[in-house]
Amino acid sequence: MAVRICVRLRAFRYNRKFMLRYFTAGESHGEALVAFLSGIPAGLEIDQAFLDRELWRRQQGYGRGGRMKIETDSSHILSGVRHGRTIGSPISIEIANKDWKNWQEALPVDTGDSAKHKRVASPRPGHADLAGALKYNFPEARYVLERASARESAARVAIGAVAKLFLQELGMEVLSHVITVGSITLSDVVDWDRIQALHRKEEVLLNCANAEIEQGMKEEVDKVLRSGDSLGGVFEVVARDVPPGLGTYAQWDERLDALLAAAVMSLQAVKAVEIGSGVAAAFAAGSTVHDEIGYAGTSGFTSFSRAHNHAGGIEGGVSNGEEIRVRGYLKPISTLRRPLQSVDFSTREAVKAAYERSDVCVVPAAGVAAEAMVALTLARCALDKFGGDSMAETIRNFRGYCQQLKNY
Ligand SMILES: Cc1cc2nc3c(=O)[nH]c(=O)nc-3n(C[C@H](O)[C@H](O)[C@H](O)COP(=O)(O)O)c2cc1C
């Protein structure tokens with residue numbers, strides 16, 4: 001018996017995947033959010049101003065609610081970084097909720113005064129309220145929305161920024177732009193230079209690369225601001241200079257496309273994920289979809305070249321050296337100023353759904369949060385491939401592999 005248990009434990013350890021692990025904690029109106037990131041090698045320089053700029057980017061965009069005016073997110077690193085560099089131990093980052101001061105009595109850690117609690121009396125269709133209350137056996141939805149809320153994505157952006165700094169050491173970059181808001185869509189393929197120009201802007205409207213289309217998107221948001229409705233849309237995350245060979249077809253759950261799809265889909269309100277031109281490809285002939293291969297390239301990781309990049313940089317669950325392009329499709333925000341029909345949790349009578357201060361359009365912010373998820377996923381795959389306890393070791397292994405690609 002003892003031997004069998006021992007063998008099982010060893011099997012479990014051998015099956016343990018991913019050198020890089022991360023998770024978050026914290027409620028929307030609690031004292032703070034916290035994010036944990038374990039597995040970043042020692043010696044990575046951490047630029048706190050970069051982390052805070054990423055947090056600022058997540059707070060931008062036309063159509064955000066009053067909450068974003070209260071919060072000015074800033075990252076407070078608690079562990080894993082000393083004298084400006086990672087030390088190989090787990091990194092934890094706290095982001096204070098400034099709104100906590102208004103909620104201390106409504107959401108105390110101790111029992112508190114129940115008369116001061118703020119109930120969510122009727123679940124909002126489209127939000128986690130009803131499903132969460134049923135699951136956790138809560139009489140109403142306050143605790144549900146506190147954790148289901150996308151305030152949580154700020155914690156992901158903080159550790160995603162660390163993942164971006166790690167990737168930058170290997171020459172990789174991740175950014176996003178907005179393709180659709182409501183019924184307005186940009187149909188051009190937006191190249192890296194245009195995305196970078198957007199990223200440099202100090203004012204973010206809807207993070208769309210075409211100013212005229214962006215104005216149309218703003219008008220869509222103005223319409224729903226007037227009518228008490230909300231909007232969804234589509235963002236695209238682009239990762240550049242990713243070497244061929246991240247992810248693998250060898251196991252279903254190690255495929256890079258599957259990992260990216262799960263990472264982006266895990267963001268609040270994202271209801272579909274597309275890699276490259278995946279959706280259009282389903283309706284087209286193979287000869288017009290697949291990216292023909294040449295051997296003329298002078299730059300890049302190898303001399304192989306592609307006529308275009310419909311595959312979005314991934315074939316067979318493996319990065320192929322082209323830009324990785326992942327789109328996220330967001331449903332419209334579910335908290336409406338003109339609420340939909342619902343049921344009162346206590347009386348079971350038909351009432352309008354609860355309303356609480358809310359965003360009406362979050363496509364640019366969701367794009368920033370998705371950049372974080374893409375960066376964390378790529379960093380995870382890169383560390384699984386190149387390993388390393390120190391950045392010097394990781395970079396040495398990475399360069400060795402790049403040389404192997406050049407010699408191929
Ligand atoms: C950046 C961001 C901000 C959001 N802000 C709000 C909001 O203010 N009000 C709201 O009802 N939903 C908001 N959402 C969406 C909800 O968090 C989400 O719809 C809800 O948690 C239910 O999860 P699901 O849509 O994934 O099913 C936001 C989503 C993102 C990505």
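Numbering of ligands and ligand atoms starts at 1, following listing order. Model, not experiment: these values are computed from the prediction.
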> Would you say A369 contacts ligand 1, with heavy atoms under 4.0 Å as the rule?
Replying inline: no
>> Which of the numbered atoms in ligand 1 are under 4.0 angstrom from any heavy atom belonging to S334?
In response: 11 (O)
>> Return the closest protein heavy atom for atom 31 (C) of ligand 1 as residue, atom name and distance.
In response: Q268 O, 3.3 Å
> Looking only at heavy atoms, what is the nearest atom pair of H310 and D291, with distance?
Replying inline: N-OD1, 2.7 Å
> Hey, does the Lys NZ or Arg CZ of K164 hover above the aromatic six-ring of F50, less than 6.0 Å from the centre and inside 45° of the axis?
Replying inline: no
> Are D99 and R357 ion-paired here, with the side-chain N under 4.0 Å from a carboxylate O?
Replying inline: yes
> Of the choices I333, D359, D129, which has the non-hydrogen atom that lies closest to atom 13 (C) of ligand 1?
Replying inline: I333
> Can you tell which of E152, E356, K271 gets a heavy atom nearest to atom 27 (O) of ligand 1?
Replying inline: K271
>> Does either side chain, that of T335 or that of R124, offer a donor lying less than 3.5 Å from an acceptor on the other one?
In response: yes
>> Suppose we measure from atom 11 (O) of ligand 1 to each protein heavy atom; which comes out shortest, and what is that distance?
In response: T335 OG1, 2.4 Å
> Any side-chain donor paired with an acceptor under 3.5 Å for N97 and R151?
Replying inline: yes
> What protein heavy atom sits nearest atom 7 (C) of ligand 1, and how far away is it?
Replying inline: S358 OG, 3.4 Å
> With distance as the sole test, does Q168 use its side chain to make a donor-acceptor pair with the main-chain N or O of E173 at under 3.5 Å?
Replying inline: no
>> Could you measure the distance from the NZ atom of K385 to the CG atom of L246? Nearest 0.5 Å is fine.
In response: 7.5 Å
>> Students should be able to answer this: which protein heavy-atom is nearest to atom 1 (C) of ligand 1, and at what distance?
In response: A365 CB, 3.9 Å
> Out of A148, G328, G126, who gets a non-hydrogen atom closest to atom 22 (C) of ligand 1?
Replying inline: G126
> Should one rank S266, S153, A150, A269 by closest heavy-atom distance to atom 28 (C) of ligand 1, which comes out on top?
Replying inline: A150
> Among K331, R64, R357, whose heavy atom sits nearest atom 19 (O) of ligand 1?
Replying inline: K331
>> Between R156 and E371, does any NZ, NE, NH1 or NH2 come within less than 4.0 Å of an OD or OE carboxylate oxygen?
In response: no
> Please state which protein non-hydrogen atom is closest to atom 16 (C) of ligand 1 and give its distance, to 0.1 Å?
Replying inline: H127 NE2, 3.8 Å
